[in-house]
Colleague: 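Right, I'll just put the structure down here and ask away after.
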Amino acid sequence: MSFNRLLAEALPPADSGDEGLLGQIAEMWKWFQDSARNTLGPPLKSLHEPIDNWLGSLPMSVAMACAIGLFVLAGIWVWTLQSDFIFRGAPDRSRWRDLRIWSMVVLLPYITIYLLLGR
Amino acid sequence: MGELLAIDYVIIGVYMVGVLYIGSYFAKYIHSSGDFFLAGRALPFWAIGMSVVVSDIGALDLIAGAGGAYDRGLAQANFDWIGSVPALLIAAFIFVPYYWRAGVYTLPEFLGRRFNPATRWVNALVLLVFMLVTVSIMLWTSAVFLNTVLGWDHLTAIWVTTAIVGCYAISGGLAAVVMTDVLQLVIMFVGTGALLALGMWEVGGWDGMVEKVLAQPNESEEYFRLLVEHREGTEYPWPGMVFSLGIIMSTAYFVGNQAVMQRALGARSEWDAKAGMLTAGLFKMAIPLLVFLPGMAARGLYPDLDTADGAIPTLIDRLMPPGLKGLMFSAFFAALMSSVDSYLNSCVTIFTGDVYRPLHKKFTGNEMSEKLGLTLGRSLTAFVLVAAAIYAPRFSESEALYDVIQTLLSLFQGPTLAILLLGIFWRGATAWGGFVGLVLGVALTSLLNILGDAVFISDDPYLFVSFWSFWVSLGVTIAISLVTKKKTTEELEGLVYGSVVTKSISN
């Protein structure tokens with residue numbers, strides 16, 4: 001749930017005229033929220049907006065490449081792990097116990113799914 | 001769910017008896033606290049993998065997940081696909097071997113040993129409060145569910161659920177919890193699989209679903225895409241999904257989740273612990289198909305539901321014949337109980353290991369004995385379960401408390417992962433660096449959440465907030481560590497990755 005929506009539901013509306021403790025907290029919170037958004041919002045927005053604009057300008061093929069790239073990088077990294085590390089604790093070194101192969105078995109369907117449904 | 005017939009009650013009865021039998025079977029193997037909390041380090045990889053998956057999915061997740069897919073389409077699946085598998089690989093090949101060989105039982109324990117006792121206490125208390133409230137909430141959810149389906153009084157429903165979970169969790173500990181989870185997963189998959197088959201048949205298959213959804217006003221092909229454009233008003237923009245969810249949030253969730261790590265630590269070997277994580281990755285693939293796809297099918301069939309969360313109940317009510325309704329009930333109850341028993345067991349483990357054990361040593365000068373640990377574990381399980389059951393009815397008027405707890409916990413995700421990674425991989429990370437990094441990280445997360453769409457493109461920008469809070473915490477921790485006192489090599493022995501894993505490989 002949105003942080004702001006959560007607080008909005010927990011506290012009475014700031015302009016409700018509630019003079020109890022919750023009403024006072026709601027007013028203070030609204031003041032703090034508005035102050036933060038008015039003072040920090042614009043400069044932080046100006047910092048983040050170029051990033052948003054750049055990300056928005058990227059074609060969806062880049063998105064798919066990044067998503068699939070994450071799975072592929074994970075797969076490449078797994079194959080750099082030493083055999084001793086992979087088989088540690090295993091009763092034998094049968095091929096079916098090679099967790100690097102297991103990792104490929106797990107990763108390949110996901111790569112296929114994102115290739116088919118990524119864009 | 002509509003009316004249940006005799007055949008449904010038979011199926012439900014068989015399921016309940018099965019859970020009780022499997023759970024109680026393991027009581028005879030429990031003779032020490034190690035048997036109780038870590039299943040005697042005898043868990044096979046397939047049980048670990050299945051238990052991790054089903055513990056992660058609660059009944060609320062089934063409803064809300066399908067509801068999310070009903071509203072937003074296929075992008076919901078990212079939470080169980082890209083939001084699971086890279087993280088499970090990282091867990092399998094980095095954190096599981098580390099925790100296993102460092103002899104760490106809980107995350108608070110590691111943070112305490114690596115940084116300072118205060119960090120351990122804060123982390124343990126935050127997790128304990130969260131888990132206690134979660135068990136209560138889930139018992140209340142169970143009561144609402146049983147009241148709706150079977151017409152049971154809320155209190156009766158709470159105590160029936162408490163009794164069933166208590167029967168095996170108190171006597172059998174982690175072993176009973178994990179093995180009942182195996183059964184719960186099978187039931188859940190069969191039940192939701194039946195719902196998927198019926199839903200897709202009714203909507204006319206994938207093509208029929210696409211045609212019906214696209215015929216609705218304001219719907220586009222984006223509904224059927226996994227990756228969504230990064231633009232104003234988007235709830236699941238792809239950069240957030242790939243870089244925040246896929247790398248940071250999911251890793252923080254899995255390696256910081258006591259229930260997940262405890263199952264790995266209860267493995268019969270390090271190989272089984274790693275293989276268990278990979279097995280979980282395999283089963284995770286099915287979750288969006290079994291849960292989210294029915295939600296999307298419901299969108300094609302019943303586009304005018306009052307609430308998206310009505311997708312699954314509507315499908316069950318209108319499509320499922322007698323017998324299968326009983327199976328779906330069992331699947332829901334399985335999802336519920338698997339989460340209750342997992343949080344319960346983890347809560348007791350943290351209290352025993354991170355609160356009672358240090359106090360016991362401080363005041364008696366001795367380590368807690370195995371027998372005392374077992375007695376304490378069983379007693380606490382019963383106590384926490386009963387306390388949660390007594391407190392559960394209060395959530396009828398304050399369900400938002402769960403959202404509060406979840407939101408507060410999410411403030412810690414990015415910063416905690418940052419100090420955890422630095423604590424494990426960098427000898428230069430200091431106690432002050434970790435503390436300041438955590439505090440400032442949480443403060444930044446809170447502030448960015450408040451600013452919301454004043455800065456980001458989404459009203460609820462948790463994806464980007466986690467991303468930035470992680471990097472800021474990382475930077476602050478490094479900066480403060482460079483100018484504060486470091487621990488000696490001897491003090492770090494057995495705590496940093498190089499002295500734990502790499503050394504063990506070369507030995």
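In what follows, every heavy atom counts, from backbone to side chain, and hydrogens, waters and symmetry copies are set aside. This structure is a prediction, so every number in the text was calculated from the model and none was measured. Naming: A, B, ... by sequence-line order, numbering from 1 per chain.
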Colleague: What's the spacing between Met285(B) CE and Thr112(A) OG1 if we round to 0.5 Å?
Modeller: 9.0 Å

Colleague: Under a 3.5 Å distance rule, please check whether Arg225(B) uses its side chain to pair with a backbone N or O of Gly118(A) as donor and acceptor.
Modeller: no

Colleague: Heavy-atom pairs under 4.5 Å with chain B - which of Val105(A), Leu40(A), Asp52(A) has more of them than the others?
Modeller: Asp52(A)

Colleague: I need the residue from Ala90(A), Pro43(A), Pro42(A) with the largest number of non-hydrogen atom pairs under 4.5 Å to chain B.
Modeller: Ala90(A)

Colleague: Give, for atom CG of Asp34(A) and atom CD1 of Ile450(B), the distance between the pair rounded to the nearest 0.5 Å.
Modeller: 11.5 Å

Colleague: When heavy-atom pairs shorter than 4.5 Å are enumerated against chain A, which of Val465(B), Leu448(B), Leu89(B) gives the highest number?
Modeller: Leu89(B)

Colleague: Using the six-membered ring wherever Trp is involved, compare the ring planes of Phe93(B) and Phe85(A) and label them parallel, tilted or perpendicular (cut-offs 30° and 60°).
Modeller: tilted

Colleague: Considering only heavy atoms and a distance below 4.5 Å, find which of Phe456(B), Phe224(B), Tyr462(B), Phe464(B) pairs most often with chain A.
Modeller: Phe456(B)

Colleague: With a 4.5 Å cut-off on heavy-atom pairs, point out which of Leu73(A), Leu81(A), Leu55(A), Leu116(A) contacts chain B the most.
Modeller: Leu55(A)

Colleague: So which of Phe243(B), Trp468(B), Trp100(B) has the largest heavy-atom pair count under 4.5 angstrom toward chain A?
Modeller: Trp468(B)

Colleague: Would you compute the distance between atom CD of Glu222(B) and atom CE of Met60(A) and round it to the nearest 0.5 angstrom?
Modeller: 7.5 Å

Colleague: Would you check, one step at a time, whether the test side-chain contact (heavy atoms from CB on, under 4.5 Å) holds for His230(B) with Leu58(A)?
Modeller: CA-CA 9 Å; His230(B) 183 87; Leu58(A) 295 173; over 6 Å; no

Colleague: To the closest 0.5 Å, what do you measure between NZ (Lys45(A)) and CG (Asp453(B))?
Modeller: 7.5 Å

Colleague: Establish, yes or no, whether the cationic atom of Lys284(B) lies under 6.0 Å from the six-membered ring centre of Tyr110(A) and within 45° of the ring axis.
Modeller: no

Colleague: Using a 4.5 angstrom heavy-atom cutoff, name the option from Leu44(A), Leu70(A), Leu107(A) with the most pairs to chain B.
Modeller: Leu70(A)

Colleague: Within a 6.0 Å radius of atom CH2 on Trp471(B), are there more than 12 heavy atoms belonging to other residues, nucleotides or ligands?
Modeller: no

Colleague: With only heavy atoms counted, which part of Asn78(B) is less than 4.5 Å from chain A, the side chain, the backbone, both or neither?
Modeller: both

Colleague: Is the side chain of Trp271(B) donor-acceptor paired with the backbone N or O of Arg97(A) at a distance under 3.5 Å, no angle test?
Modeller: yes

Colleague: Once you round to the nearest 0.5 Å, how far does CD1 of Ile101(A) lie from CG of Leu278(B)?
Modeller: 12.0 Å

Colleague: Please round to the nearest 0.5 Å and tell me the distance separating atom CG of Leu451(B) and atom OG1 of Thr39(A).
Modeller: 8.0 Å

Colleague: Given a strict heavy-atom distance threshold of 4.5 Å, which part of Tyr114(A) is in contact with chain B: side chain, backbone, both, or neither?
Modeller: both

Colleague: Classify the ring geometry between Phe45(B) and Trp102(A) as parallel (under 30°), tilted (30 to 60°) or perpendicular (over 60°).
Modeller: perpendicular

